[in-house]
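Structure first, then comments.
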Amino acid sequence: MSTRAFITGVSGTELTAAEREFIRVQRPWGFILFKRNVATPAQVAALVAELRAVADAADAPVLIDQEGGRVQRLGPPHWPVYPPGAVFANLYDTDSALGLDAARLSARLIAADLAELGITVDCLPLADVPVAGADAVIGNRAYGTEPGKVAAIARAVTEGLEQGGVLPVLKHIPGHGRATADTHFKLPTVDTPRDELERTDFAAFKPLADLPMAMTAHVVFSAVDPAHPATTSATMIADVIRGAIGFQGLLMSDDVSMNALSGNIAERTRAIFAAGCDIALHCNGNIEEMRDVAGQTPELSGRALERAEAALAARKPPQPFDRVAARAELDALIARANTASA
């Protein structure tokens with residue numbers, strides 16, 4: 001059965017009657033979960049199963065933002081705490097191999113948690129390169145301030161997720177590290193010259209251009225397109241994301257409901273597709289906004305469908321894994337990182 005080119009959130013820990021009807025009729029390609037959707041492992045697994053059953057799509061992707069640190073939708077008491085990206089960056093500076101090992105182990109453990117629930121996609125890794133004076137929305141989520149180091153750690157995180165049977169989503173392409181505002185609330189403009197962006201922000205994403213999926217940044221790069229954020233900029237998507245960076249996978253927007261985007265929800269959705277995104281992402285579970293997004297979303301077809309199918313086909317079965325031993329090893333590496341940075 002055909003699907004529509006959007007990913008939707010839902011409002012709570014169980015589907016409402018209105019949400020079931022919406023999913024059945026509008027046929028979103030996938031779903032995304034947040035803390036409001038999480039109570040216990042059994043409840044999350046049941047919700048994930050129900051989403052797929054109502055959509056009549058056993059392979060419908062179910063996404064979550066499970067980074068560790070500040071951005072962790074699954075947490076205590078049912079799931080462990082994971083470190084933010086800065087921990088891997090600090091360990092990398094002491095011993096690059098150990099830093100990569102820790103990043104890979106953390107992602108592999110996260111993947112094990114997600115796979116048990118039926119969640120198949122994690123919105124991770126980040127390749128954002130923060131700079132002094134930028135908004136703290138990225139902050140210690142980042143893997144460092146040097147593009148090669150950021151890309152290397154992001155690759156290790158990708159490997160850990162993939163080894164656990166979970167697909168990665170690269171974010172926030174082509175870079176959120178210079179943003180001087182939190183895009184949940186305001187649109188930031190980056191005035192850095194393009195040649196510097198090529199050496200820094202864009203350079204961290206280029207080695208990761210083979211990843212199956214990526215999420216855009218709601219950030220204006222005035223050197224490329226002074227009028228539109230990357231998410232709704234045809235120039236940015238064609239010239240930078242598909243061109244200079246070389247990303248050819250499935251491109252999804254960041255959340256349509258974030259206030260960095262202008263216009264109403266329907267106008268934002270139209271702009272996202274007009275710019276060249278393959279998939280629109282809507283997160284907040286507001287049923288009226290969900291209907292507005294669906295009303296402006298095309299059937300998933302053509303090149304976008306090919307990219308979506310290729311992304312799902314990239315997911316492999318989990319490899320054998322000793323979770324207890326891996327967690328003990330990760331804890332030891334984190335302790336080493338903390339000692340080194342003390």
Side-chain angles (χ1 to χ4, degrees), residues 1-4 6-68 71-82 106-124 160-169 213 252 255 257 279-291 293-294 300 308 311-312 315-319 321 323-324 327:
M1 184 176 70
S2 63
T3 59
R4 308 283 287 282
F6 73 106
I7 295 166
T8 190
V10 293
S11 61
T13 55
E14 298 179 353
L15 294 183
T16 66
E19 288 168 343
R20 291 188 190 94
E21 179 67 6
F22 173 83
I23 292 166
R24 186 186 67 79
V25 172
Q26 300 298 343
R27 310 179 322 279
W29 180 69
F31 305 93
I32 187 164
L33 302 183
F34 288 84
K35 284 187 177 180
R36 67 178 182 270
N37 307 120
V38 173
T40 67
Q43 170 270 320
V44 176
L47 177 59
V48 168
E50 185 179 15
L51 288 167
R52 292 192 174 114
V54 174
D56 193 22
D59 65 344
V62 177
L63 293 73
I64 198 165
D65 292 282
Q66 188 74 351
E67 298 176 11
V71 181
Q72 185 169 327
R73 312 306 186 197
L74 307 173
H78 299 292
W79 296 275
V81 172
Y82 290 97
S106 183
R108 180 65 184 86
L109 285 159
I110 287 172
D113 293 343
L114 302 187
E116 286 183 344
L117 304 171
I119 298 171
T120 50
V121 182
D122 194 3
C123 297
L124 196 67
L161 292 176
E162 291 176 336
Q163 289 166 9
V166 170
L167 290 170
V169 176
M213 292 182 277
M252 67 180 69
D255 184 10
S257 64
I279 297 282
L281 174 67
H282 182 262
C283 295
N284 67 19
N286 179 306
I287 192 69
E288 296 304 323
E289 289 190 10
M290 291 158 63
R291 291 176 178 135
V293 171
L300 189 57
L312 295 187
R315 191 168 71 90
K316 306 301 182 187
Q319 298 178 11
F321 180 62
R323 184 182 296 190
V324 173
R327 185 71 216 198

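Please read all numbers here as calculations on a predicted model, not as lab measurements.
Arg73 contributes no side-chain N or O that, together with a main-chain N or O of Val38, makes up a donor-acceptor pair within less than 3.5 Å.
Glu289 is listed as a side-chain neighbour of Ser257, based on a closest heavy-atom distance under 4.5 Å. The shortest distance between side-chain heavy atoms of Thr40 and Thr13 does not fall below 4.5 Å. Proximity of Leu300 to Phe6: side-chain heavy atoms (C-beta onward) are nowhere separated by under 4.5 Å. Counting heavy atoms from C-beta on, the side chains of Arg323 and Asp113 come closer than 4.5 Å.
Between Arg27 and Ser2 the shortest heavy-atom distance is NE-O, 2.9 Å. Here the shortest heavy-atom pairing between Gly164 and Ala115 reads O-CB, 4.1 Å. Nearest heavy atoms, Ala311 versus Leu167: O-CD1, 3.3 Å. Gly285 approaches Ser11 most closely through the heavy-atom pair O-CB, 3.8 Å. Between Gly165 and Arg315 the shortest heavy-atom distance is O-CD, 3.0 Å. Residues Asn37 and Gly12 come closest through the heavy atom pair ND2-O, 2.8 Å.
Here Ile7 contributes atom CD1 and Met213 contributes atom CE; the two are 7.5 Å apart, rounded to the nearest 0.5 Å. Annotation: the span from Ile23 atom CD1 to Thr8 atom OG1 amounts to 7.0 Å, rounded to 0.5 Å. Between the NE2 atom in His282 and the CG atom in Asp255 there is a gap of 6.0 Å [rounded to 0.5 Å]. Between the CD atom in Glu14 and the CD atom in Gln43 there is a gap of 7.5 Å [rounded to 0.5 Å].
Within the structure, salt bridge (charged side-chain N to carboxylate O under 4.0 Å, His left out) pairs that include any residue of residues 34-49 do not occur (at least two apart or interchain).
Among Val54, Leu63, Leu51, the one residue that satisfies the side chain to side chain contact (heavy atoms under 4.5 Å, CB included) test with Phe31 is Leu51. For the side chain to side chain contact (heavy atoms under 4.5 Å, CB included) with Leu281, the qualifying choice from Val169, Ile32, Val293 is Ile32, the only one to do so.
Cation-pi geometry between Arg327 and Tyr82 is met: the NZ or CZ atom falls under 6.0 Å from the ring centre, inside 45° of the normal.
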Could you give the side-chain donor-acceptor pairs of residues 117-124 under 3.5 Å, partners two or more places apart or in another chain?
residue	atom	partner	partner atom	Å
Thr120	OG1	Arg52	NH2	3.4
Thr120	OG1	Val62	N	3.3
Asp122	OD1	Gln66	N	2.9

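The environment of Glu21 atom CD is dense: over 12 non-hydrogen atoms of other residues, nucleotides or ligands sit within 6.0 angstrom.
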Is there a side-chain contact (heavy atoms from CB on, under 4.5 Å) between Leu15 and Phe22? Walk through the geometry before answering.
CA-CA 10 Å; Leu15 294 183; Phe22 173 83; over 6 Å; no
Under the criterion side-chain contact (heavy atoms from CB on, under 4.5 Å), I'd like the reasoning laid out for Leu33 against Leu47: C-alpha separation, chi angles, the key distance, then a yes or no.
CA-CA 10 Å; Leu33 302 183; Leu47 177 59; 4.1 Å; yes
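A donor atom on one side chain and an acceptor atom on the other are not found under 3.5 Å apart for Gln163 and Arg108.
The side chain to side chain contact (heavy atoms under 4.5 Å, CB included) search around Glu162 returns Thr158, Pro168, not counting sequence neighbours.
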